[in-house]
There are 2 protein chains.
Amino acid sequence: MANRALSEALRQIPTRVSVQPSAAERVADVLREQIVNGALRSGTRLTEETIGAALGFSRNTIREAFALLIAERLAAREPNRGVFVATPTASDIRDLYATRRLIEPAALEHGIGFSHAAVARLREVVDAAHACREHEDTAGVAQGNQEFHRTVARLAESRRVDQLMEGVLAEMRLVFHLMGDDPGFHVPYLDRNEAIIRDLEAGDRAGAAAALRAYLSDAEEHLLGALHHP
Amino acid sequence: MANRALSEALRQIPTRVSVQPSAAERVADVLREQIVNGALRSGTRLTEETIGAALGFSRNTIREAFALLIAERLAAREPNRGVFVATPTASDIRDLYATRRLIEPAALEHGIGFSHAAVARLREVVDAAHACREHEDTAGVAQGNQEFHRTVARLAESRRVDQLMEGVLAEMRLVFHLMGDDPGFHVPYLDRNEAIIRDLEAGDRAGAAAALRAYLSDAEEHLLGALHHP
DNA sequence: GAGCTCATATTGTTCAACAATCCTGCAATA
DNA sequence: TATTGCAGGATTGTTGAACAATATGAGCTC
């Protein structure tokens with residue numbers, strides 16, 4: 001009986017973690033990176049044969065990898081027609097921002113990971129993005145903005161929320177590619193991040209959360225406007 | 001050029017929705033239901049051969065279905081050993097509650113779907129659960145509690161948050177099965193739901209959100225205590 | 001009881017096959 | 001010229017066989 005309890009307790013320790021990704025996971029990793037960095041654009045058709053030949057895996061493995069990307073909304077399967085890199089719609093953009101407006105301000109105001117160190121980390125992230133702006137490095141600014149939001153969400157100290165947020169940020173990359181990677185969607189928001197970090201440094205979590213809600217609504221409106229009037 | 005814009009606009013309309021689930025999705029649906037309703041218990045090994053023979057699909061299709069369940073955390077793959085129905089650990093329970101504490105109060109306090117009608121719907125859900133308690137229908141109470149929390153999260157009007165919440169609620173089912181489906185984890189929480197709906201009916205969204213945070217922390221502590229001292 | 005060997009079960013992945021579906025190009029017709 | 005119909009080709013969705021690799025369990029010896 002004692003052996004039973006011990007055996008059961010040990011059973012719950014993830015001693016056999018999947019540290020070695022499966023072939024399908026590896027394929028999905030490669031494709032995800034190509035999608036997120038813009039090499040594979042929205043609407044691009046991913047054929048099992050072509051991808052399988054290029055990456056050196058069988059069709060079954062490719063199908064499994066596709067299923068993973070589809071679950072992450074980075075690709076979409078049209079039955080009998082194929083799998084395509086996802087093309088975010090206005091509805092997607094609205095939902096992405098509804099999601100962000102729920103999560104980010106809540107993490108900022110109530111996240112249990114909030115501390116002076118966390119605020120200092122956010123300050124670093126904002127300062128690094130400022131430096132990229134000085135160097136006219138738009139991609140760096142964009143990356144810094146995403147890191148700011150990722151860091152905010154991580155204040156919740158929830159792996160499940162972190163995973164959702166990674167998916168949201170990946171999809172946001174698709175949205176920005178769709179907008180032609182226009183600096184106008186990244187550079188001006190630095191000042192909004194700066195205002196939020198100032199509130200935090202002044203100890204005003206509620207104010208920061210409210211400012212972030214307003215920021216996200218403005219950003220959404222900006223993107224939707226550009227989608228309708230390109 | 002006008003044809004091009006029209007073609008592109010039509011392309012964004014999901015005319016080819018995957019209304020017909022694939023074989024793998026169908027298999028995953030069947031297994032998910034069995035896992036959530038407790039027929040397939042935590043730790044149960046799911047062998048490709050056995051499941052494939054039972055449901056009448058090939059091993060490749062079964063593997064795809066497993067991948068979907070694994071992504072939902074309802075199953076876990078141990079390389080070279082097989083796939084098992086997930087067994088939530090204390091760490092999982094903590095993360096589930098961290099996730100819920102972030103999402104549910106935020107949806108309650110800031111969700112754009114909040115309205116008199118929404119409050120009335122929550123009242124219905126609570127009343128239905130009360131009726132189940134009168135009939136000593138523990139499963140009905142448990143289901144009513146979950147419906148309460150699902151309805152709360154839906155106030156965010158975010159498909160991505162809804163999906164996360166469905167996953168969380170499914171995992172919570174696993175947790176409750178692990179606890180022997182003890183009524184003590186369901187029935188007493190009805191009164192907590194009642195208190196929250198009272199705050200909402202009185203127009204006190206912030207108070208309801210704070211009460212929900214406290215409720216979730218208490219529930220977490222209750223479950224963790226039972227896990228360590230069964 | 002501990003350690004070793006061998007057989008078996010199962011997994012991870014590939015490949016071939018076939019039915020079904022969709023798309024494209026070409027010919028015929030109005 | 002524009003439209004329609006059809007055939008062929010490309011691709012998908014799924015199955016089943018095959019093989020290498022890995023883990024587990026049983027049996028045997030010390």
Q: At less than 4.0 Å, is any side-chain N or O atom of Arg59(B) found next to OP1 or OP2 of dG16(D)? Yes or no.
A: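 For dG16(D), neither OP1 nor OP2 has a side-chain N or O of Arg59(B) closer than 4.0 Å.
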Q: Mind calculating the distance between CD1 (Ile70(A)) and C1' (dG13(D)) to the nearest angstrom?
A: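 Spelled out: CD1 on Ile70(A) to C1' on dG13(D) is 13 Å.
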Q: Give the dot-bracket line for DNA chain C from 5' end to 3' end: parentheses for intra-strand Watson-Crick or G-U pairs under 3.5 Å, square brackets for crossings, | for inter-strand pairing, dots for unpaired.
A: ||||||||||||||||||||||||||||||
Q: Side chain of Arg45(B): nearest nucleotide among dT13(C), dT10(C), dT12(D)?
A: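 Shortest atom-to-atom distance from the side chain points to dT10(C).
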Q: Rounded to whole Å, how long is the line connecting atom CD1 of Ile62(A) with atom C1' of dT14(C)?
A: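 Between C1' of dT14(C) and CD1 of Ile62(A): 12 Å.
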Q: Look at Arg77(B) and dG12(C) and indicate whether a side-chain polar atom (N or O) is within less than 4.0 Å of OP1 or OP2.
A: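 Affirmative; the distance criterion is met.
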Q: Going through the checks in order, is the side chain to side chain donor-acceptor pair (under 3.5 Å) test met by Arg159(B) and Ser91(A)?
A: CA-CA 10 Å; Arg159(B) 301 191 297 274; Ser91(A) 172; 3.2 Å; yes
Q: Report the residue from Arg94(A), Arg101(A), Arg100(A) that forms a salt bridge (Lys or Arg N to Asp or Glu O under 4.0 Å) with Glu220(A).
A: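 Testing Glu220(A) for a salt bridge (Lys or Arg N to Asp or Glu O under 4.0 Å) against Arg94(A), Arg101(A), Arg100(A) leaves exactly one candidate, Arg101(A).
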Q: Could you give the distance from OG1 (Thr61(B)) to CG (Leu55(B)), rounded to the nearest 0.5 Å?
A: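 Thr61(B) atom OG1 to Leu55(B) atom CG measures 11.0 Å (nearest 0.5 Å).
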Q: Roughly how many Å is it from CG in Asn80(B) to P in dT22(D), rounded to a whole number?
A: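 Answer to the nearest Å: 7 Å.
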Q: If you round to the nearest 0.5 Å, how far is CG of Leu31(A) from CD1 of Ile62(A)?
A: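 Ile62(A) CD1 to Leu31(A) CG: 7.0 Å, rounded to 0.5 Å.
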Q: I would like to know whether Arg192(A) and Asp218(A) meet salt bridge (Lys or Arg N to Asp or Glu O under 4.0 Å); could you show each step before the answer?
A: CA-CA 10 Å; Arg192(A) 304 290 290 262; Asp218(A) 291 346; 2.9 Å; yes
Q: Between Thr61(B) and dG13(D), is there a side-chain N or O to OP1/OP2 distance below 4.0 Å?
A: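 No, no such contact exists.
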Q: More 5' along DNA chain D: Phe66(A) or Asn60(A), using each one's nearest nucleotide?
A: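 Checking each residue's closest nucleotide, the 5'-ward one belongs to Phe66(A).
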Q: Compare the minimum distances between each of dT21(C), dA23(D), dT15(D) and the side chain of Phe57(B), then state the nucleotide with the smallest one.
A: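 Closest nucleotide to the Phe57(B) side chain: dT15(D).
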Q: Among Phe148(B), Tyr97(B), Tyr189(B), which residue satisfies the ring-ring contact (aromatic ring centres under 6.0 Å, His included) criterion with Tyr215(B)?
A: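 One option only clears the test, and that one is Tyr189(B).
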Q: Report yes if a side-chain nitrogen or oxygen of Thr47(A) is closer than 4.0 Å to either non-bridging phosphate oxygen (OP1 or OP2) of dA10(D); otherwise report no.
A: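 Negative; the distance criterion is not met.
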Q: What is the distance, rounded to the nearest whole Å, between atom CG of Leu46(A) and atom C1' of dA10(D)?
A: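 In whole Å, dA10(D) C1' and Leu46(A) CG are 16 Å from each other.
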Q: Verify the contact: side-chain N or O of Arg81(A) to OP1 or OP2 of dT11(D), cut-off strictly under 4.0 Å; return yes or no.
A: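 No, Arg81(A) has no side-chain N/O under 4.0 Å of OP1/OP2 on dT11(D).
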Q: Rounded to whole angstroms, how far apart are CD on Glu49(B) and P on dG16(D)?
A: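 So the two atoms are 11 Å apart, to the nearest Å.
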Q: From Ile103(B) CD1 over to His149(B) NE2, what is the distance, rounded to the nearest 0.5 angstrom?
A: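 So the CD1 of Ile103(B) and the NE2 of His149(B) are separated by 13.0 Å.
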Q: Once you round it to whole Å, what is the distance between P of dT14(C) and CD of Glu64(B)?
A: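 From Glu64(B) CD to dT14(C) P: 14 Å.
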Q: If only side-chain N and O atoms of Arg63(A) are considered, is one of them under 4.0 Å from the OP1 or OP2 phosphate oxygen of dG13(D)?
A: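 So the side-chain polar atoms of Arg63(A) do come within 4.0 Å of the phosphate oxygens OP1 or OP2 of dG13(D), strictly under.
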Q: Nearest-Å distance, CD1 (Ile51(A)) to C1' (dT12(D))?
A: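 Atom CD1 in Ile51(A) sits about 15 Å away from atom C1' in dT12(D).
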Q: Tell me the interatomic distance from Glu78(B), atom CD, to dA21(D), atom C1', rounded to whole angstroms.
A: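 The distance from CD of Glu78(B) to C1' of dA21(D) comes to 17 Å, rounded to the nearest Å.
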